Amino acid sequence: MAKKSAISGEYIITQHDSGSIEVYRIYDNTKGALREVAESIGFSYDPNWTTRQFGSKLIDALNAK
C-alpha cells in the first residue's frame, strides 16, 4: 500500500508503508513506452502490431522470464 506519492515532471515517486521507494515514468505515447521496454529486454516486435497486440505479447514475454 502506498504511504505517499508525488509527481515531478514525467515521474511518479511512491513511498510504500514498508518504506520502499518506487519511481515510475509517465509516458505520453503508450506505443513508445512499449518499444522502450521491449528494447530494454531484447524483445523483438512487429511495428505493425496494434497497441493491444504489442502490450499483450510483451506481458506474456515478461511473465515467461
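Bear in mind that the values here come from a model prediction, so they are computed numbers and not experimental data. For the numbers below, each heavy atom of this structure counts, side chains included, while hydrogens, waters and symmetry mates do not.
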- Query: Checking Ser8 side chain against Tyr11 main chain: does a donor-acceptor pair fall under 3.5 Å?
  - Reply: no

- Under a single-linkage rule joining Ile, Leu, Val, Met, Phe, Trp and Tyr whose side-chain heavy atoms are separated by less than 4.5 Å, which residues share a cluster with Tyr24? Ile7, Ile12, Ile26

Return a table of donor-acceptor pairs under 3.5 angstrom between the side chains of residues 30-41 and protein atoms on other chains or two or more places apart.
residue, atom, partner, partner atom, Å
Lys31, NZ, Trp49, O, 2.5
Glu36, OE1, Arg25, NH1, 3.2
Glu36, OE2, Arg25, NH1, 3.2
Glu36, OE2, Tyr27, OH, 3.2
Glu39, OE2, Tyr45, OH, 3.0
Ser40, OG, Val37, O, 2.7

- Residues forming a side-chain hydrogen bond (donor to acceptor under 3.5 Å, both in side chains) with Ser20, sequence neighbours excluded: Ser18

- Message: Surrounding CG of Asp46 (heavy atoms of other residues, nucleotides or ligands, distance under 6.0 Å), is the total greater than 12?
- Response: yes

- Message: Can you list everything that forms a side-chain contact (heavy atoms from CB on, under 4.5 Å) with Ser44? Sequence neighbours excluded, please.
- Response: none

- List for me each residue that meets side-chain hydrogen bond (donor to acceptor under 3.5 Å, both in side chains) alongside Thr51, sequence neighbours excluded, and say none if there are none. none

- Item | Hydrophobic cluster of Ile59, others only, ordered by chain and residue number, side-chain cut-off 4.5 Å | none

- Message: How long is the straight-line distance from NZ of Lys3 back to NE2 of His16, given to the nearest 0.5 Å?
- Response: 12.0 Å

